Amino acid sequence: MGAALAFLLGDAVLFFALFWAASAHGGAAVGAILSAIALTRSLFLPFGGAVGDRFGARHVMIVCDAATHPRPVRPLTRPTPP
């Protein structure tokens, strides 16, 4: 639950930063970004629901988070000396 909350918070900060950066280029740029976000969400949301029902919400969330952040996570252990 905490990971999902952190992920959603990160998405919200990302969208705010995108809108903030686009506002320097005028209202048309903000509208284009807002339209792109809304369009992609409306296109992929029905498929995401079907996939979540088929494979389970937890598994889909783990796979999507891993796909969003492809870098491997370093283990929280002390590094070995060279």
Side-chain angles (χ1 to χ4, degrees):
M1 186 73 162
L5 181 63
F7 191 76
L8 289 174
L9 181 64
D11 276 353
V13 170
L14 172 68
F15 293 144
F16 178 77
L18 282 173
F19 292 134
W20 187 277
S23 68
H25 300 284
V30 174
I33 289 180
L34 184 61
S35 297
I37 290 172
L39 181 65
T40 55
R41 282 191 178 183
S42 64
L43 288 176
F44 289 121
L45 196 60
F47 298 112
V51 170
D53 289 342
R54 169 93 173 147
F55 297 107
R58 183 175 185 268
H59 182 70
V60 171
M61 185 177 196
I62 291 170
V63 170
C64 289
D65 284 348
T68 304
H69 304 289
R71 292 187 315 159
V73 178
R74 297 182 69 185
L76 298 175
T77 59
R78 292 178 25 190
T80 56

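Excluded from the calculations below are hydrogen atoms, water molecules and symmetry mates; all remaining heavy atoms, backbone and side chain alike, are included. Note that the coordinates shown come from a computational prediction; the quantities given were computed from them, not determined experimentally.
For F15, the CZ atom counts as densely surrounded, since its 6.0 Å shell holds more than 12 non-hydrogen atoms of other residues, nucleotides or ligands.
When the side chains of ILVMFWY residues are joined at heavy-atom separations under 4.5 Å, either directly or via intervening members, V51 and V63 end up in two distinct hydrophobic clusters. Grouping the Ile, Leu, Val, Met, Phe, Trp and Tyr side chains by contacts below 4.5 angstrom, directly or via other members, places L34 apart from W20. L43 and I37 are members of different hydrophobic clusters when ILVMFWY side chains are connected at heavy-atom separations under 4.5 Å.
In this structure, F19 and I33 approach most closely via the heavy-atom pair CE2-CG2, 3.6 Å. Closest approach of A22 and A29 over heavy atoms only: O-CB, 3.7 Å.
Distance CG/L45 to OG1/T40: 10.5 Å, rounded to 0.5 Å. To the nearest 0.5 Å, the span separating CG on L39 from CZ on F44 amounts to 9.0 Å.
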